[in-house]
Amino acid sequence: MPADHTADHTAELTAELDAERAHMTASRAALHAMREHAEAMYAVGAKIAGDPFSAETLGVALARRVAELADDPRTPLFFGRLDLDGATEPGAAAEPGADPVTGRYHIGRRHVTDELGEPLVLDWRAPVSRAFYQASARDPQGVRTRRRFGFAGGDLTSFEDERLDQGEEFGTTSKILIEEIERPRVGPMRDIVATIQPEQDELVRADLDTSICVQGAPGTGKTAVGLHRAAYLLYLHRERLRRTGVLILGPNPAFLGYISAVLPALGELEVRQATLEGLIGRVPVSGGDLVEAEAVKHDPRMATVLRRALWSRLGRADSAIQVSDGAYRWRIDPGVLTRLVDDTRREDPAYLLGRERVRARVVGLLQRQAETRSGESPGEPWQRRMGKAKPVVEFLDACWPAVTPQSLVFELLSDAEALARAAEGILTEAECQALRWPRRFRSVRSVRWSSADLVLLDEAAGLLEREPSLHHIIIDEAQDLSPMQCRAIARRTAHGSITLLGDLAQGTAPWAATDWRESLRHLGKPDAAVVPLTTGFRVPEAVVALANRLLPALEVNVPPAVSLRSDGSLVLRRVDDLAAEVVAELAATRSLPGSVGVIAADRHLDELRTALGAAGEEPGELDAPAGGRVTVVPATLAKGLEYDHVIVVEPAEIVDAEPRGLHRLYVVLTRAVTRLTVLHARPLPEALATDALDQAAGAGVPAPA
């Protein structure tokens, strides 16, 4: 190419980059003006509201709007641009967010408009933004050019164009896309709006009323898909979901801390996040269970045992009741009372609702007698008094007694005869023996409830009263949900939908799922589609290949993961002093960007923390991911977390620590997104110990993929 032509082309690219930077500057200024306007509205909101309630409601809405418009200068407002075919004629209406002449859209994390209300940046969730993720050379969807932007911090540094109308498409070979995917991480999880792939986008934009199950191999972005799905649904159905709720369920507080920054970065500040224990925790957990008892409590047969124990409390009236209202004495015969209880039971109401129906029907019979005698209907005060009359309450307590979740479970687990009656033909004698508390509690108040007891209490509560239904629940790391935990979630989505995220190969609980269809049945969504994600974008190829060696031993039917990344590092090293080698490995990573996770079985944690402290390292807290570069992570809490550099300490100890230890090791090995170092004094577990790996481990060199 002639030098003058090259110079012209360079000048043209520089001018184009300058124009995009100017658009970024204008967009930031416009966002700042939007926030100032919202703050001004908030300041005068109380004065323009008509009453205190309206003032408070308006104030909450305006405060939320101010918070949503916060700008982080380290995060670019837009990451892509679409140039569409069919630019509009002068005077014709353009698509929202597009230049009316060029058909140009800047795609970003939020909607930004100028002072005239003209869009400068279009929200990534808007319908037209779908083409940014879905358009291809084969199906350009009206896109002439798709532009991706490169950034350093919040500064725009480069761009890359794909001319789809000319059959040009970079896809996952895009340099900017790869750099964004591989960018080192320190602190909480980031959003992935700039790198969402077409198969992920299809899941993110699934209809609100559609339940889906995502079987995602490590590094395939299933957690990010769930979080972005929450943001998308709130964008599309904001008012509807503000009333009925969106909930994200994670496996533990550390995981929730790790993902906590994603939705606020997307402008969503009100999505509730919880662990399942936090969701169903009706009582403090202060006790524990033996493994045998825990397994039975999580078994779905316990739902039948509890239901039988509850409804066996109903009795039959053996005598009439006589109720005086001060003027007359009214009588209801035992046959009528028994029929009334039986008819109500056949309606299959929630237990406490049934009790109140019986009370109301008894009062109705008394009222009918009073009306027949006087010709007038007694008022509501009379009806309330009759409902609380001693003979009526005594009849209810005998034939439809009041009960609480705690009292029902207390009786079942402390009374061997009551348990035997309820479990007859359902549980074995050995299972009943495992269920019964080894110590005797004097009353419900003195019980030291365990974590497994929470699912029994929640099941009991669901029998007593209907749970309010949320419109959508996103459940991450769902492979470890027991059938009883699934039932607890199902009670909260009876009229809603779910997004189930997990990996059967990463199931570590004793009751971990081996078939998604079974889990979906317990969740009340048996027809939900199961969609596999097998292409990893974050975990390097060598690490994925190592973890895949474990799959035959895990006995789950999942496809092996594949990775698009060939750049990562894997080292296996046999050592004599584990703590000293961890310190040395940390020193080797000090010059490298990104976070470091040191993952080990519980028995090694104190030793490792002491060694790191002596070496001048100050590990961050697991529940505060922004706190430090290095984190010491118990293997049992590594699920869902991600670090640029991972040091795995003694895999054999991780495997030996629990019955599904190989599954736990699979989880641990796949936490690395750049560099994985495995240090071991004992031989590697047999599932990993191929000749090639043994040679690599002995030499302390990178292992083959």
Side-chain angles (χ1 to χ4, degrees), residues 213 215 249-252 255 275-281 285 287-307 409 412-413 423 426-428 430-436 449-460 462 473 475-493 498 500-526 528 530 550 553-558 635-640 654-667:
C213 172
Q215 161 57 43
L249 281 181
N252 52 58
F255 176 84
T275 62
L276 184 64
E277 187 170 305
L279 178 67
I280 68 174
V285 172
D289 283 309
L290 296 176
V291 174
E292 296 81 4
E294 198 173 39
V296 180
K297 290 177 180 180
H298 282 279
D299 192 294
R301 292 174 296 164
M302 285 303 300
T304 304
V305 173
L306 285 163
R307 186 176 184 86
V409 176
L412 203 61
L413 301 187
I426 301 173
L427 303 179
T428 66
E431 288 171 327
C432 289
Q433 179 64 37
L435 272 179
R436 290 194 290 270
W449 299 102
S450 70
S451 178
D453 289 332
L454 296 183
V455 296
L456 301 184
L457 293 169
D458 197 74
E459 184 75 30
I473 296 184
I475 311 145
D476 210 342
E477 302 298 344
Q479 70 276 352
D480 278 330
L481 291 175
S482 72
M484 289 293 280
Q485 289 173 324
C486 287
R487 288 177 61 86
I489 296 169
R491 282 189 287 277
R492 291 160 173 83
T493 54
I498 63 171
L500 197 69
L501 309 165
D503 179 10
L504 296 178
Q506 296 185 53
T508 54
W511 44 79
T514 57
D515 184 337
W516 286 123
R517 286 288 159 208
E518 187 68 11
S519 296
L520 289 167
R521 184 175 66 82
H522 290 300
L523 285 161
K525 313 295 180 188
V530 179
L550 293 173
L554 303 186
E555 299 181 344
V556 290
N557 184 22
V558 299
T636 51
L637 296 180
K639 193 169 294 181
I654 294 172
V655 173
D656 292 347
E658 54 188 310
R660 294 174 68 89
L662 280 175
H663 294 76
R664 183 73 69 188
L665 181 59
Y666 180 85
V667 172

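Just so it is clear, the values below take in all heavy atoms, side chains as well, and ignore hydrogens, waters and symmetry mates. Starting from 1, each residue takes its place in the sequence as its number.
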Worked verdict on Leu500 versus Val530 for side chain to side chain contact (heavy atoms under 4.5 Å, CB included): CA-CA 9 Å; Leu500 197 69; Val530 179; over 6 Å; no
His522 vs Leu481, side chain to side chain contact (heavy atoms under 4.5 Å, CB included): CA-CA, chis, key distance, verdict: CA-CA 10 Å; His522 290 300; Leu481 291 175; over 6 Å; no
Chi angles and distances behind the side chain to side chain contact (heavy atoms under 4.5 Å, CB included) call for Asp458, Arg491: CA-CA 9 Å; Asp458 197 74; Arg491 282 189 287 277; 2.8 Å; yes
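Listed here is the closest heavy atom pair of Asp289 and Ala452: OD2-CB, 3.5 Å. A pairwise comparison of heavy atoms in His663 and Ala505 identifies CD2-O, 3.5 Å as the closest pair. What you find for Gln485 and Val455 is that their closest heavy atoms are CG-CG1, 3.7 Å. Contact between Cys486 and Ser519 at its shortest, heavy atoms only, is SG-O, 4.1 Å. Taking both residues in full, the closest heavy atoms of Leu504 and Val556 are given as O-CG1, 3.7 Å, listed atom of the first, atom of the second, then distance. Closest heavy-atom contact between Ile473 and Ile475: CG2-CG1, 3.6 Å.
Distance check: Ile498 CD1 to Arg492 CZ gives 14.0 Å after rounding to the nearest 0.5 Å. Here the straight-line distance linking atom NZ of Lys525 with atom CD1 of Ile489 works out to 11.5 Å at 0.5 Å rounding. Going from atom CD of Glu477 over to atom OG1 of Thr275 covers 13.5 Å, rounded to the nearest 0.5 Å. If you take CG on Leu412 and CZ on Arg436, they are separated by 10.5 Å, rounding to the nearest 0.5 Å. Atom CD of residue Glu459 and atom OG1 of residue Thr304 lie 8.5 Å apart, to the nearest 0.5 angstrom. Expressed to the nearest 0.5 Å, how far OG1 of Thr508 lies from CD1 of Ile654 amounts to 12.0 Å.
Every salt bridge (Lys or Arg N to Asp or Glu O under 4.0 Å) that Asp453 has, sequence neighbours left out, goes to Lys297. Checked against salt bridge (Lys or Arg N to Asp or Glu O under 4.0 Å), Arg660 has no partners two or more places apart in sequence or in another chain.
A distance-only check finds a donor-acceptor pair linking the side chain of Arg517 to the backbone of Pro526 [under 3.5 Å]. With Gln479 contributing its side chain and Asp503 its backbone, the two residues share a donor-acceptor pair below 3.5 Å.
For Asn557, the CG atom counts as loosely surrounded, since its 6.0 Å shell holds 12 or fewer non-hydrogen atoms of other residues, nucleotides or ligands.
In this structure, the side chains of Asp299 and Leu427 stay at 4.5 Å or more apart for every pair of heavy atoms. A 4.5 Å side-chain heavy-atom check between Cys213 and Leu520 finds at least one atom pair inside the cut-off. Using a 4.5 Å cut-off on side-chain heavy atoms (C-beta onward), Met484 and Trp511 make no contact.
Looking at Glu555 and Thr514, their side chains never bring a donor and an acceptor atom within 3.5 Å of each other. In this model, no donor atom of one side chain and acceptor atom of the other lie less than 3.5 Å apart for Gln433 and Glu431.
Electrostatic pairing of Asp515 and Arg521 does not count as a salt bridge here, judged by no charged N lying under 4.0 Å from a carboxylate O.
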